[in-house]
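Naming: A, B, ... by sequence-line order, numbering from 1 per chain.
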Amino acid sequence: MCGRNSLFTEQDDLEDRFGAEVVADGSYRPRHNIAPGDDLHIITNEASDEIARYHWSLIPFWANEPEGGMINARSENAGEKRVFERAWNSRPCLVLSSGLYEWRSTNGGSKQPFQIHREDDPAFAMAGLWDVWEGEDETISCVTILTTEPNDLMNSIHDRMPVVLPQDAESDWLAADPDTRKELCQPYPKGDLDAYEISTRVNNPGNDDPQVIEPLDHEQSGLGEFSS
DNA sequence: CCAGACGTTGTT
DNA sequence: GTCTGG
DNA sequence: CCAGACGTTGTT
DNA sequence: GTCTGG
């Protein structure tokens with residue numbers, strides 16, 4: 001699945017990469033630790049030239065209270081679920097990322113976090129769904145990230161992964177009909193994703209700084225002390 | 001008909 | 001154990 | 001996703 | 001809003 005994200009690409013590079021501009025109230029700043037409940041930067045099908053901020057946790061438009069919400073949706077059946085029906089049918093979006101985080105469970109119960117990104121790409125896009133919840137005196141623009149089976153790289157880490165779109169499928173994802181979009185929800189089909197181990201510093205969402213993405217150094221961690 | 005749910009993930 | 005907050 | 005809280009009463 | 005369960 002995908003429960004933590006980052007977006008630290010320089011704004012100019014990000015805008016060039018997606019051919020879109022951060023909207024006036026997008027208040028873009030590099031982020032290294034974006035948790036559910038924070039804002040994600042996305043491009044919607046209704047404004048494919050804009051990068052906007054949406055609350056990460058989809059609240060169905062018909063909900064009475066803006067509580068709970070969905071941080072992920074299974075792409076295999078999202079179109080058949082009531083909570084996602086409207087968003088699936090008409091509200092696809094691109095969720096921008098410089099790198100996502102996944103945790104690998106180990107036998108001892110501890111978890112090893114990984115940073116996953118696309119080689120030679122300043123940012124990539126995950127498939128998402130957006131909607132707008134309107135209350136009496138509150139409006140929440142919100143988003144969820146679609147998940148699927150892991151590809152070969154991710155399989156060693158986790159049993160789910162977000163739908164990562166090949167770059168040439170990004171515009172199709174926004175423009176296609178629901179049946180065609182479902183076909184795009186595949187385990188990432190190319191070999192250019194890379195994963196590396198990072199410190200458990202990422203576990204605490206308060207640690208939102210470049211240190212989070214530094215590769216884990218086994219020598220410094222002491223594991224290499226005995227081999228020399 | 002009305003009432004009540006509507007979801008994912010991981011873990012036990 | 002389970003929910004809320006980040 | 002993980003981290004951290006999880007409660008009441010009365011008093012300041 | 002829309003489906004399922006009673």
Side-chain angles (χ1 to χ4, degrees), chain A residues 1-8 27 29-41 53-91 95-117 126-135 138-140 142-150 154-164 178 182 185 187 195-209 211-213 216:
Chain A
M1 75 160 319
C2 184
R4 212 68 77 81
N5 192 38
S6 71
L7 189 62
F8 49 80
S27 60
R29 70 185 174 91
R31 295 288 307 276
H32 291 82
N33 204 342
I34 304 168
D38 278 352
D39 289 336
L40 293 168
H41 278 84
R53 277 194 312 147
Y54 277 61
H55 175 77
W56 184 3
S57 187
L58 191 83
I59 301 156
F61 69 97
W62 41 255
N64 294 316
E65 298 297 327
E67 283 150 14
M70 307 292 136
I71 70 171
N72 293 120
R74 293 180 68 93
S75 63
E76 294 93 332
N77 60 11
E80 293 136 34
K81 299 292 183 180
R82 293 194 283 280
V83 273
F84 301 123
E85 185 176 2
R86 182 167 98 163
W88 175 265
N89 284 330
S90 60
R91 289 160 170 78
V95 178
L96 309 192
S97 178
S98 302
L100 59 94
Y101 302 110
E102 293 281 5
W103 282 257
R104 178 163 70 195
S105 298
T106 55
N107 298 329
S110 62
K111 290 187 166 187
Q112 173 59 53
F114 287 78
Q115 201 264 17
I116 296 100
H117 60 280
M126 295 179 280
L129 305 173
W130 63 277
D131 211 329
V132 178
W133 182 88
E134 291 181 279
E138 192 181 9
T139 295
I140 301 174
C142 47
V143 59
T144 192
I145 296 173
L146 290 159
T147 65
T148 186
E149 297 279 307
M154 298 298 295
N155 190 43
S156 64
I157 302 173
H158 215 61
D159 61 354
R160 299 292 292 171
M161 75 176 289
V163 174
V164 175
K182 183 156 192 239
C185 290
Y196 64 87
E197 296 176 302
I198 57 175
S199 156
T200 53
R201 255 179 60 85
V202 73
N203 290 13
N204 190 330
N207 294 330
D208 185 6
D209 55 60
Q211 238 183 295
V212 160
I213 61 167
L216 198 64

| request: Measure from the side chain of A:W62, starting at C-beta and using heavy atoms only, and say which of B:dG7, B:dC6, B:dT9 lies closest. | output: B:dC6
| query | In terms of side-chain heavy atoms of A:R74, which of E:dG1, B:dT8, B:dT11 is nearest? | reply |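 Nucleotide nearest to A:R74's side chain: B:dT8.
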Let me know the distance between [atom1] of [X] and [atom2] of [N], rounded to the nearest Å.
X      : N     : atom1 : atom2 : answer
A:E149 : B:dT8 : CD    : C1'   : 14 Å
A:F61  : B:dC6 : CZ    : P     : 17 Å
A:D159 : B:dT8 : CG    : P     : 14 Å
A:N89  : E:dT2 : CG    : C1'   : 12 Å
A:L129 : B:dT8 : CG    : P     : 11 Å
A:H55  : C:dG6 : NE2   : P     : 11 Å
A:L146 : B:dG7 : CG    : C1'   : 13 Å
A:W56  : B:dT9 : CH2   : P     : 12 Å

By side-chain contact (heavy atoms from CB on, under 4.5 Å), which residues pair with [X], not counting sequence neighbours?
X      : answer
A:T139 : A:V132, A:E134
A:A195 : A:F114, A:I116, A:L153, A:I157
A:S6   : A:F8, A:S98, A:Y101
A:P113 : A:W103, A:I198, A:T200, A:V202, A:N203

Salt bridge (Lys or Arg N to Asp or Glu O under 4.0 Å) against [X], all qualifying residues, sequence neighbours excluded:
X      : result
A:R86  : A:D131
A:D209 : A:R201
A:E85  : none

Looking at [X], does any N or O in its side chain come under 4.0 Å of the phosphate oxygens OP1/OP2 on [N]?
X      : N     : answer
A:T147 : B:dT8 : no
A:N77  : B:dT8 : yes
A:T144 : B:dT8 : no

| Looking at CD1 of A:I145 and OG of A:S97, how far apart are the two atoms once the value is rounded to the nearest 0.5 Å? | 8.0 Å
| Spacing of A:I34 atom CD1 and A:N5 atom CG [to the nearest 0.5 Å] | 5.0 Å
| Working for side-chain contact (heavy atoms from CB on, under 4.5 Å), residues A:T148 and A:M154 | CA-CA 11 Å; A:T148 186; A:M154 298 298 295; over 6 Å; no
Taking only the [atom1] atom of each, what is the distance from [N] to [M] in whole angstrom?
N     : M     : atom1 : result
E:dT4 : B:dG7 : C1'   : 16 Å
D:dT9 : B:dC1 : C1'   : 48 Å
D:dC2 : B:dT8 : C1'   : 16 Å

Output one line per pair: protein atom, nucleotide atom from nucleotides 1-5 of chain D, and distance, for all N/O pairs under 3.5 Å.
| from | atom 1 | to | atom 2 | distance (Å) |
| --- | --- | --- | --- | --- |
| D:dC1 | N1 | A:G3 | O | 3.4 |
| D:dC1 | O2 | A:R4 | NE | 2.9 |
| D:dC1 | O2 | A:R4 | NH2 | 3.0 |
| D:dC2 | OP1 | A:K111 | NZ | 2.8 |
| D:dC2 | OP2 | A:K111 | NZ | 3.4 |
| D:dC2 | O4' | A:R4 | NH2 | 2.9 |
| D:dC2 | O3' | A:N203 | O | 3.4 |

| said: By the definition salt bridge (charged side-chain N to carboxylate O under 4.0 Å, His left out), identify the one residue from A:R53, A:R29, A:R31 that meets it with A:D39. | reply: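 The salt bridge (charged side-chain N to carboxylate O under 4.0 Å, His left out) with A:D39 is passed solely by A:R53 among A:R53, A:R29, A:R31.
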| task | Would you mind classifying the nucleic acid contact of A:F84 as base, sugar-phosphate or nothing, using non-hydrogen atoms under 4.0 angstrom? | result | sugar-phosphate
| request: Classify the nucleic acid contact of A:R86 as base, sugar-phosphate or nothing, counting any heavy atom under 4.0 Å across all strands shown. | output: nothing
Between side-chain atoms of residues 54-71 of chain A and protein atoms elsewhere (two or more places apart, or another chain), which donor-acceptor pairs fall under 3.5 Å?
| from | atom 1 | to | atom 2 | distance (Å) |
| --- | --- | --- | --- | --- |
| A:H55 | ND1 | A:G37 | O | 3.3 |
| A:W56 | NE1 | A:I71 | O | 3.0 |
| A:S57 | OG | A:G68 | O | 3.1 |

| request: With pairs defined as Watson-Crick or G-U wobble and both distances under 3.5 angstrom, please note down DNA chain B as a dot-bracket string, | for pairing with another strand. | output: ||||||......
Scan the side chains in residues 74-84 of chain A for donor-acceptor partners under 3.5 Å anywhere in the protein, sequence neighbours excluded, and list what turns up.
| from | atom 1 | to | atom 2 | distance (Å) |
| --- | --- | --- | --- | --- |
| A:S75 | OG | A:T147 | O | 2.7 |
| A:E76 | OE1 | A:R160 | NH2 | 2.9 |
| A:E76 | OE2 | A:R160 | NH1 | 2.8 |
| A:E76 | OE2 | A:R160 | NH2 | 3.2 |

All N/O contacts under 3.5 Å from nucleotides 3-5 of chain E to the protein, with atom names and distances to one decimal?
| from | atom 1 | to | atom 2 | distance (Å) |
| --- | --- | --- | --- | --- |
| E:dC3 | O4' | A:R82 | NH1 | 3.4 |

